[in-house]
Amino acid sequence: MTLRVIAIDGPAGAGKSTVARAVALRVGLPYLDTGAMYRGVAFAVLRDSVDPRNEVEVARVAESISVVVDPNGVSVDGRDVTTNIRGAEVTSVVSVIAAYPPVRARMRAEQRAWIVNHGGGVVEGRDIGTVVFPDALLKIFLTASPHVRAARRVAEVGGDLEDIARSISERDRIDSSRDDSPLRPAEGSITIDSSGRTIDDVVGEIAAAFDAAATGIAAAFDAAATGIAAAFDAAATDTIDG
Ligand code: DC
């Protein structure tokens, strides 16, 4: 079944959050940041003084906590951690814990339930179009050059350009080389390089692609409905005549 989902995947600093939020507003769908969910787990791992290298212990944390992501922010076990999850400590371990299959299984289940509850959404992450929602109405792989990505992060959170570039490339390496749902463009996705482009321009391209996909689905539905009606008429005529 095709879900009213726009999947936006891509590496760190490609502009996914800004673009996904704006697309959600433009097309009238809710927005889900799945990176924030993995960050919530990383926060709980650090809170509980669990060694991030211990997969069994990390999985136990991921399976026992409640992570809620909504437009107001992120909470872990009822505590607002919106700011904490963006800190250097969480950022330095999140890719490690996000590579563990039990953590990913729990997050995938939560993400699918979220979409069912909200009737669709613009979902941002690394494996949304490849694994979580392979039947999404629209799949975008958003990228940008390493230099542009590092410069954007510095503008957002400050810090040294070289350090940030190193940290981004290390996270890219871990996210793209893990066995379970590595970062890569999904089949049927549109790749957009946001280097040197404005947010409005990129958002406009995605919104237009969404309209085209939705129109295509509506036309296919109409064609199928017309086909069914014609077959029904033919069968009814057969019965009456026969
Ligand atoms: O988008 P972000 O930087 O907030 O993501 C944090 C980390 O979570 C990132 O290193 C990769 C991981 N992640 C993931 O593995 N799968 C997702 N769907 C989203 C994020």
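Just so you know, ligand 1 is whichever comes first in the structure, and atom 1 is the first atom listed for that ligand.
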### Task
Assess the side chains of Thr34 and Arg126: does a donor N or O sit below 3.5 Å from an acceptor N or O?
no

### Query
Can you find an N/O atom of Asp127 closer than 3.5 Å to an N/O atom of ligand 1?
yes

### Query
How far is atom 8 (O) of ligand 1 from its nearest protein heavy atom, and which residue and atom is that?
Tyr38 CB, 3.6 Å

### Query
Do the charged groups of Arg178 and Asp180 touch, with an N to O distance under 4.0 Å?
no

### Query
Is there a donor in the side chain of Ser66 and an acceptor in the side chain of Asp77, or the other way round, less than 3.5 Å apart?
no

### Message
Quick test: of every protein heavy atom, which one is nearest to atom 20 (C) of ligand 1, and how far off is it to 0.1 Å?
### Response
Gly35 CA, 3.5 Å

## Note on the structure
Nearest non-hydrogen protein atom to atom 3 (O) of ligand 1, with distance, is Arg171 NH1, 2.9 Å

### Message
Counting only heavy atoms from other residues, nucleotides and ligands, does the tally under 6.0 Å from CD of Glu89 exceed 12?
### Response
no

### Query
Would one find more than 12 heavy atoms of other residues, nucleotides or ligands at under 6.0 Å from atom CD1 of Ile199?
no

### Query
Got a sec: does the CG of Asn117 have more than 12 other heavy atoms crowding it under 6.0 Å?
yes

### Query
If you count the atoms of ligand 1 from 1 in the order shown, which ones are under 4.0 Å from a heavy atom of Thr34?
17 (C), 18 (N), 19 (C)

### Query
Which of the numbered atoms in ligand 1 are below 4.0 angstrom from a heavy atom of Ala98?
12 (C), 15 (O)

### Task
Name the option, out of Arg126, Arg39, Arg153, Arg178, that contains the heavy atom nearest to atom 1 (O) of ligand 1.
Arg126

### Query
Any side-chain donor-acceptor pair under 3.5 Å between Ser17 and Glu124?
yes

#### Entry: ligand 1-proximal atoms of Arg104, by part, heavy-atom distance under 4.0 Å
side chain

### Backbone or side-chain N or O of Ser95 under 3.5 Å from ligand 1 N or O
yes

